[in-house]
Chemist: 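First the structure, then my questions, so here it is.
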Number of protein chains: 2
Amino acid sequence: MASTSTPQPRGPEPERSEVALGRLGDFVGFRLRRVQNQLSRKFAAANADLGLRSGLFSSLAIVAANPGISQSELSGAVGLDKSVTVTIIDELEKYGWAERRRSAEDRRRHALYVTPEGDRQLDRLFARMEEVEGAVLHQLSDAEHQMLNDVLDRMYDAVVREL
Amino acid sequence: MASTSTPQPRGPEPERSEVALGRLGDFVGFRLRRVQNQLSRKFAAANADLGLRSGLFSSLAIVAANPGISQSELSGAVGLDKSVTVTIIDELEKYGWAERRRSAEDRRRHALYVTPEGDRQLDRLFARMEEVEGAVLHQLSDAEHQMLNDVLDRMYDAVVREL
DNA sequence: AAACGATAGTTGACTTTGTCCACTAATCTC
DNA sequence: GAGATTAGTGGACAAAGTCAACTATCGTTT
């Protein structure tokens, strides 16, 4: 991947203006989206040099945490379609960060594993992510941070359970 | 940090395939994305009958809260490109929910206004959004809800300020 | 063991969404 | 008035997700 030009994720700059939010400000979903948009924008900018496809990082992280996971399970965990997962694993293999191994018990399955090089890359990515989040989390006390994680987990459980 | 990452020795026991998050669980951005994805999915499903384009709802809400706002200002507020805003306003006008009026002072600008019908539609949409969020927020105490909003606002201010 | 349906992975067509660039009309500056 | 700037528009393009079909394996039924 030496010759291709790196795609630069740039977008409209976050505007600090005096626009009223109105009733929109009463909803958590709006605040959530706002923060999350900016965070992912920052993370993409920090990793623009690598030209990472979105979803690649989390997929790699999930595989690392679940050695031998199948592509279907990975799809479910990351929330992507199976077909998208295929192309992500393709890229991961191309980079040499992960590999497919046919499962011995069920030869339909591809058991996924992270390579040592993939582990190193993951370390780098996690470090960058920590850096990006650090500036934001610095605003929060430890208790608030903990509360936030806890609340978000409960919200996630609630919203997932009712589907 | 919350209680999520649990190293699982995945044995050949497919009781309930719980996927480990690993280090990913240490990041707020991940949790944020997770919850927000599910929430917006639910909201889209609740409004599938209307075939709403994404961003249309928030645009309408912003116009309602800022009568006479220009398209550029709206773009900045919602975080979309100007060209995208154009097509959104096109749709809003087609539905009869909003309208462009040429500004008298600056004839380049389109001052945007929500129609009475648009206001009624907005009421319906806000009601649905409340319904969608209600199931999730029900998990939270009032104090937690308040703290969540406060924390998210501070995070947003922090991430916006450093650009 | 042959046949059936179900599952894992793959591929390709299609839609949606966002980004970028060029063009116009109007405004502002000098 | 000339030239630069801004608001809005249109179109080309790329990234990303959805969907349906297809192959190969597996499990179960008969």
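Quick note: numbers below take in every heavy atom, side chains included, and nothing from hydrogens, waters or symmetry partners. In what follows, chains are A, B, ... by sequence order, proteins preceding strands, each numbered from 1.
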Chemist: Roughly how many Å is it from CG in B:L56 to P in C:dT17, rounded to a whole number?
Modeler: 10 Å
Chemist: Verify whether one side chain among A:Q71 and A:R109 offers a donor that lies under 3.5 Å from an acceptor in the other.
Modeler: no
Chemist: Answer yes or no: does a side-chain N or O of B:Q71 lie under 4.0 Å from OP1 or OP2 of D:dT6?
Modeler: no
Chemist: Nearest-nucleotide wise, let me know which of B:T85 and A:L80 is further upstream toward the 5' end of DNA chain D.
Modeler: B:T85
Chemist: Closer than 4.0 Å, any side-chain N/O of A:S83 to the OP1 or OP2 of D:dT18?
Modeler: no
Chemist: If you take all heavy atoms of A:F30 and B:E133, which pair is closest and at what distance?
Modeler: N-OE2, 4.4 Å
Chemist: Give the rounded distance in Å between these two atoms: CG of B:D81 and C1' of C:dT16.
Modeler: 16 Å
Chemist: Given atom NZ of B:K82 and atom C1' of D:dG10, what is their separation to the nearest angstrom?
Modeler: 15 Å
Chemist: Could B:R31 and A:Y156 be counted as a cation-pi pair, given that NZ or CZ must be under 6.0 Å from the ring centre and within 45° of the axis?
Modeler: no
Chemist: Starting from C1' on D:dG8, measure out to CD1 on B:I69 and report it in whole angstrom.
Modeler: 15 Å
Chemist: Identify whether NZ of Lys or CZ of Arg in B:R101 sits under 6.0 Å from the centre of the six-membered ring of B:Y113 and within 45° of that ring's axis.
Modeler: yes
Chemist: I need the residues from residues 99-115 of chain A with at least one non-hydrogen atom less than 4.0 Å from DNA chain C; give them sorted by number, or say none.
Modeler: A:R100, A:R108, A:R109, A:H110
Chemist: For A:I88 and C:dT10, what is the distance between atoms CD1 and P respectively, to the nearest whole Å?
Modeler: 13 Å
Chemist: Under 4.0 Å from OP1 or OP2 of D:dA15: is there any side-chain N or O of A:S54 that close?
Modeler: no
Chemist: Mind calculating the distance between CG (A:N37) and P (C:dT17) to the nearest angstrom?
Modeler: 15 Å
Chemist: Quickly work out the B:E91 CD to D:dT9 P distance and round it to whole Å.
Modeler: 14 Å
Chemist: Do A:S59 and A:T85 come close enough that some side-chain heavy atom pair is under 4.5 Å?
Modeler: no
Chemist: Do B:F57 and B:F126 have ring centres separated by under 6.0 Å?
Modeler: yes
Chemist: Sort and list the pairs that fulfil salt bridge (charged side-chain N to carboxylate O under 4.0 Å, His left out) and have at least one residue in residues 115-127 of chain B, not counting sequence neighbours.
Modeler: A:R23-B:D123, B:E117-B:R120, B:E117-B:R124
